[in-house]
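To start, the structure itself, in structure tokens.
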Number of protein chains: 2
Amino acid sequence: MSNQDLALTEGTWQPACCSPLVREPLSAELSAELSRLFKAMGDPVRLRLLSLIASHAGGEACVCDLTGVFDLTGPTISHHLKVLREAGLISGERRGTWVYYRVEPDALRRLSDVLVPDQAPAVGA
Amino acid sequence: MSNQDLALTEGTWQPACCSPLVREPLSAELSAELSRLFKAMGDPVRLRLLSLIASHAGGEACVCDLTGVFDLTGPTISHHLKVLREAGLISGERRGTWVYYRVEPDALRRLSDVLVPDQAPAVGA
DNA sequence: CCCTTGTTTCGATGGTTGTCGATACAGACG
DNA sequence: CGTCTGTATCGACAACCATCGAAACAAGGG
């Protein structure tokens, strides 16, 4: 018993558990804000770009690292990066010849905070 | 020390940490699959519908509970429910006069599994 | 200075999507 | 059986979007 009570019969609905999205209805405003993030990730190329950038060494990736991965032209990749940037999911910086992109951790956290079943935010807090 | 080592300086990039999306590049196939889910949630109405259904008493909601929330016609709500259904995020069942929708927990879990920083799956396991 | 390479912007185009009204289907109830 | 209510489908239309080629901008190197 004890801690196993928290698990219960997982998969079925329970009150006062689960992620915020399941616990109570999202307001129109929050839905609008979050859906902008989801929409930006709702394209296979963009989701993969995001993952490529996030997982790249140093936490950042040059555009030149990304274009070769897809069968798409430069302008198209640049367009998708712009969409991700305007959604606040990534940010770009030019250093010399190349432009480097990195993910914005806060944006990803806003999503996981909504989806994740009662995440423990930190160890002490 | 001990547990605080797991927290580190949160927000900055580190190797071998973070969510799957950050830990390694998503494959083209997985990106395509997940982006379908993100895309379905990439509309403010649909995201709110999903949350309304998930948080409704009993874990299910009748369409009649949903239409009044929005300034949209019945066909439009029905269309959005169909998109959510075809994405595998919800399932619907007719019982008598009304049609009841409920969320598919597995679909939500697939998303949180990708976004969540190393979720502990259960207490003992 | 021009040329070369990396990246973005522009304009166009074909495809997708959100929304509606009209209509059809499904049950319940006389 | 007719009718009423709830829900889904259909057809249409405007808006949006992914993609491309062409052109522009940025920076470095002859």
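Each chain gets a letter, A, B and so on, in the order its sequence line appears, and its residues count up from 1. Bear in mind the structure is a predicted one, so any value in this text is a computation, not a measurement.
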### Geometric cation-pi criterion Arg48(B) and Phe70(B), 6.0 Å radius, 45° cone
yes
For the side chain of [X], counting heavy atoms from C-beta on, which of [options] is nearest?
{"X": "Lys39(B)", "options": "dA8(D), dT17(C), dG6(C)", "result": "dT17(C)"}
{"X": "Thr97(A)", "options": "dA22(D), dG6(C), dT7(D)", "result": "dG6(C)"}
{"X": "His80(B)", "options": "dA22(C), dT19(C), dA22(D)", "result": "dT19(C)"}
{"X": "His79(B)", "options": "dA26(D), dA22(C), dT19(C)", "result": "dT19(C)"}
{"X": "Trp98(B)", "options": "dT9(C), dC20(C), dG6(D)", "result": "dG6(D)"}
{"X": "Arg94(B)", "options": "dA26(C), dT7(C), dG21(C)", "result": "dA26(C)"}
{"X": "Leu72(A)", "options": "dC20(D), dT7(C), dT9(D)", "result": "dC20(D)"}
{"X": "Lys82(B)", "options": "dG6(D), dT8(C), dT9(D)", "result": "dT9(D)"}

May I have the distance from [X] (atom [atom1]) to [N] (atom [atom2]), rounded to whole angstrom?
{"X": "Asp43(A)", "N": "dG15(C)", "atom1": "CG", "atom2": "P", "answer": "17 Å"}
{"X": "Leu81(B)", "N": "dG18(C)", "atom1": "CG", "atom2": "C1'", "answer": "14 Å"}
{"X": "Arg48(A)", "N": "dA18(D)", "atom1": "CZ", "atom2": "P", "answer": "17 Å"}
{"X": "Tyr100(A)", "N": "dA26(D)", "atom1": "OH", "atom2": "P", "answer": "19 Å"}
{"X": "Phe38(A)", "N": "dT17(C)", "atom1": "CZ", "atom2": "C1'", "answer": "19 Å"}
{"X": "Glu93(A)", "N": "dT7(C)", "atom1": "CD", "atom2": "P", "answer": "14 Å"}
{"X": "Arg95(B)", "N": "dT7(D)", "atom1": "CZ", "atom2": "P", "answer": "12 Å"}
{"X": "Ile77(B)", "N": "dC20(C)", "atom1": "CD1", "atom2": "P", "answer": "9 Å"}

### Summary
Exactly one of Val45(B), Leu49(B), Leu72(B) clears side-chain contact (heavy atoms from CB on, under 4.5 Å) with Leu66(B), and that residue is Leu49(B)
### Query
side-chain contact (heavy atoms from CB on, under 4.5 Å) with Leu37(A): which of Val114(A), Leu108(A), Leu89(A)?
Leu89(A)
### Message
On DNA chain D, does the nearest nucleotide to Val63(B) precede the nearest nucleotide to Gly74(A) from the 5' side, or the other way round? Give the residue.
### Response
Val63(B)
Give a yes/no on whether any side-chain N or O of [X] is located under 4.0 angstrom from OP1 or OP2 of [N].
{"X": "Thr73(B)", "N": "dT19(C)", "value": "no"}
{"X": "Ser78(A)", "N": "dT8(C)", "value": "yes"}
{"X": "Tyr101(A)", "N": "dT8(C)", "value": "yes"}

#### Entry: Residue of the set Arg102(B), Arg85(B), Glu104(B) for which side-chain hydrogen bond (donor to acceptor under 3.5 Å, both in side chains) holds with Ser91(B)
Glu104(B)
### Query
Any link between Val103(A) and Leu30(B) through a network of hydrophobic side chains (Ile, Leu, Val, Met, Phe, Trp, Tyr) touching at under 4.5 Å?
yes
